[in-house]
There are 2 protein chains.
Amino acid sequence: MTRPGSRSGTTMNDVAAAAGVSQATVSLVLNEAAGTRFSEETRRRVHAAAHELGYRTNAHAKVLRDGVAGMIGFVGDFVATAPFAGKIIEGAQARAWEAGLLLLTVNTGGDKALEAASLETMLSYKVAGVVYAAMYHRVLEVPDVLAEVPAVVLNSRDRSGRFPSIAPEEELGGYTAAKRLLDAGHRRIAMINIGAVDGELPAAVGRYAGYLRALKEAGVHPDPGLHRIGDGHESGGFDNALALMTGPQPPTAIFCANDRTAWGTFQAVAQLGLSIPHDVSLVGFDNQETLAPHLRPGLTTLELPFLEMGRRAVELLLGGAERDGSTEYFECPLVERDSVAAPSKATSSH
Amino acid sequence: MTRPGSRSGTTMNDVAAAAGVSQATVSLVLNEAAGTRFSEETRRRVHAAAHELGYRTNAHAKVLRDGVAGMIGFVGDFVATAPFAGKIIEGAQARAWEAGLLLLTVNTGGDKALEAASLETMLSYKVAGVVYAAMYHRVLEVPDVLAEVPAVVLNSRDRSGRFPSIAPEEELGGYTAAKRLLDAGHRRIAMINIGAVDGELPAAVGRYAGYLRALKEAGVHPDPGLHRIGDGHESGGFDNALALMTGPQPPTAIFCANDRTAWGTFQAVAQLGLSIPHDVSLVGFDNQETLAPHLRPGLTTLELPFLEMGRRAVELLLGGAERDGSTEYFECPLVERDSVAAPSKATSSH
DNA sequence: GGGACCGGGTTATACGAATTACCAGCCCGG
DNA sequence: CCGGGCTGGTAATTCGTATAACCCGGTCCC
């Protein structure tokens, strides 16, 4: 069964010996080096021998000589294991592969020691660059050691401003969501946020700012009681939606700052015997593929363009050069489904 | 800002020059090679110089000399991007890191050409082994090239029997699920499967077999009408649950062969105005973390032990040696939540 | 006082591929 | 008959590390 030479370790010297030529000839022929001339017969023999022996180039020897490896480091906090962020890796990997590069992946789980150690290891492997990715959009500290290679911060922003960053355009997303509901005719539009708007959660801050802007632009005075702080999970949506819908003046529409929150809202609405979108319209955020399309009715939401963001991160790495610490923002497109309708006439307090 | 020597490329020779010793001395001191003796003063100078210059070993040079790299290849079809299988990578990576190894990850998205090419690249990097992972449990063809290194099939089984495989114990899982419902007092127990039981879907086949075994053991004659073939998605659960619950003799309990199917069932049950677990009890499968705990009521389900399976795969690789093509099965523990209760007295046809 | 031994290092080589410089033979022109 | 150019290659060097082999000066012991 074992093909001849399939045991690890066939080198160019072996091929050279089998073909009756020198190692240099093998190298030149196999790499089709420019400006060299070998007879057809020699090329044939070299290729035949290489094939016969199952020759495979030793990447380490090559890197040692050439200086840079065909690998890109990808370190994330939870990206690899997060249920929805897989696309971010998929995009990065796809772009890397187009350039013939492989991804050396580590997800640290937030462990700083592991992070430091794996970065060291990556650098010792002479990676062509490092993508430093975060599961959710925030402002973070980038390890100093990344200054030694091309590095890009993905789905977050570098506090120090040393590295280029890639992040979703939260404010525009929030604006688009609210505008969609306004355009449908709603005026009492609640927002269940995924965290406080004071701090370092650009998603919460930005989406809220966009929501406010859309309201103001439409001449709607925002009711502070309609903005609620959830926790980003299903339960945050459930509890807040329950409170909103059983309050004195329930909203006719709710913008949930992420899809999980929207899901909780679905469950609360169902529990109250109300229906979506008849009694209340909903817009989510994230377009989480395991959730948004499968809710009944399907959830209208904004898509986080993770695939493109991942691609772009690697693209920036490959481009090299610039290295300014500016942030590139990605627009989140609206994905229409069936959770938005015009408000019903009766402004019932159920 | 740039620390001295932080420019890539400090070698042992630089350190040696700075410390006034030979390159060999640097190597021996830094690696604390056994059986060598250097004065405290020399060691100090070497360490100081290495630190000062920001020396970092060149992994490629080391691998070239030593023959084997500190990397493990991980190739999966969709594992990296699947919403629930992240744990499988997390486990593999954790175990690898304990051995000081990094994961070289590729998810092929089912593209055989990409798969072949990335395996070639991985082998050229002299990976210590390869984990060949699948998103869902099936019997698959393993590329021949993997015979050249230690390799393990993860979350699937190798058809050829050449490689050790790791898979969940489906039959026992199905048995446990059904038994949980039987123990609660149910007799009319439906199963919504995730695919046909004729073919190459061990999850569908095994879980069904376990379900049948539990029924028979309890003296319950299985009603063929209660076994329905879904598609593994939410809609498969929804449609089939609707059909079951509106049929002439609805079941008092349903075993859904995965959590997404269970979710669809939740939505169907809600639509019918029924409640879980009062009108019908449910057991799922997968313990999908974004789903099962957040349903209302929480879903009782079986957990796929992906973390342990991932760990074990790397463990087998590191162990080396054996290399028989046997399959190691992992038990799926029951996770109790609140979707199971005793059947209500009234055998209402709703 | 001469060999054995030990502390404290150094020299040289190998790993596998890429690349530069060179070389041998042949043909051709003048 | 000598030099130049072309064809078809080869020899030697480089990358950075690990390690086996060796070396030198001083002690100790008989």
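None of these values were measured; they are calculated from a predicted model. Residue numbers begin at 1 in each chain, while the letters A, B, ... track the order of the sequences.
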Any B:Thr42 side-chain nitrogen or oxygen under 4.0 Å from OP1 or OP2 of C:dG9: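 Yes, within the criterion.
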Holding to side-chain hydrogen bond (donor to acceptor under 3.5 Å, both in side chains), I want the full list of residues that pass it with B:Thr42, two or more places apart in sequence or in another chain.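 Expected list: B:Ser39.
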Can you pull out the residues from residues 23-30 of chain B that lie within a 4.0 Å heavy-atom distance of DNA chain D?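 Those residues whose heavy atoms fall under 4.0 Å from DNA chain D, taken from residues 23-30 of chain B in numerical order, are B:Gln23, B:Ala24, B:Ser27, B:Leu28.
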Would you jot down, in residue-number order, the residues of residues 59-69 of chain B having a non-hydrogen atom under 4.0 Å from DNA chain D?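 Heavy-atom cutoff 4.0 Å gives B:Ala61, B:Lys62, B:Arg65, B:Asp66.
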Shoot me the first and last contacting nucleotide of DNA chain D against chain A, ordered 5' to 3', at under 4.0 angstrom to non-hydrogen atoms.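 Endpoints of the contacted stretch of DNA chain D: D:dT7 to D:dG16.
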From [atom1] of [X] over to [atom2] of [N], roughly how many Å is that when rounded to an integer?
| X | N | atom1 | atom2 | answer |
| --- | --- | --- | --- | --- |
| A:Asp14 | C:dC15 | CG | P | 11 Å |
| B:Arg37 | C:dC5 | CZ | P | 14 Å |
| B:Tyr125 | C:dA17 | OH | C1' | 13 Å |
| B:Arg44 | C:dG8 | CZ | C1' | 17 Å |
| A:Tyr55 | C:dG16 | OH | P | 10 Å |
| B:Arg43 | C:dG7 | CZ | P | 13 Å |
| B:Asn31 | C:dG9 | CG | C1' | 17 Å |

To the closest 0.5 Å, what do you measure between CG (A:Leu154) and CD1 (A:Ile88)?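 Taking CG in A:Leu154 and CD1 in A:Ile88, the distance rounds to 4.0 Å.
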What's the separation between atom CD in A:Glu328 and atom CG in A:Leu316, rounded to the nearest 0.5 Å?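 Here the rounded value is 5.5 Å.
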When the C1' atoms of the five terminal pairs at each end define the local axes, what inter-axis angle does the helix from C:dG1-D:dC30 to C:dG30-D:dC1 show, to 10 degrees?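 If I round to tens, the end axes sit 80° apart.
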Sequence neighbours excluded, which residues qualify as side-chain contact (heavy atoms from CB on, under 4.5 Å) partners of [X]?
| X | value |
| --- | --- |
| A:Glu289 | A:Lys87 |
| A:Ala99 | A:Arg95, A:Leu101, A:Leu318 |
| B:Phe78 | B:Thr81, B:Met135 |
| A:Ser118 | A:Val106, A:Leu114, B:Trp97, B:Leu102 |

Tell me the side chain to side chain donor-acceptor pair (under 3.5 Å) pairs involving residues 62-77 of chain B, sequence neighbours left out?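 Matches after skipping sequence neighbours: B:Asp77-B:Arg138.
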So which pairs with a foot in residues 12-21 of chain B pass side chain to side chain donor-acceptor pair (under 3.5 Å), sequence neighbours left out?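 Listed once each, the pairs would be none.
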Give me each pair satisfying ring pair (Phe, Tyr, Trp, His ring centres under 6.0 Å) with a member in residues 98-133 of chain B, each pair once, sequence neighbours excluded.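 Found A:His60-B:Tyr125.
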Backbone N/O of A:Ala167 and side chain of A:Asn155: donor-acceptor pair under 3.5 Å: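 Flag not set: sc A:Asn155 to bb A:Ala167 has no pair under 3.5 Å.
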Which residue, A:Thr327, A:Val130, A:Asp158, forms the side chain to side chain contact (heavy atoms under 4.5 Å, CB included) with A:Val153?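 Option passing the side chain to side chain contact (heavy atoms under 4.5 Å, CB included) with A:Val153: A:Asp158.
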I would like to know whether A:Val131 and A:Leu317 meet side-chain contact (heavy atoms from CB on, under 4.5 Å); could you show each step before the answer? CA-CA 8 Å; A:Val131 176; A:Leu317 242 38; 3.6 Å; yes
Scan B:Ser22 against the nucleic acid and name what it touches under 4.0 Å (heavy atoms): base, sugar-phosphate only, or nothing.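 Base contact - B:Ser22 has a heavy atom under 4.0 Å of at least one base atom.
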Is a donor from one side chain sitting under 3.5 angstrom from an acceptor on the other, for B:Ser124 and B:Thr121?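 Side-chain D/A pair, B:Ser124 to B:Thr121: absent.
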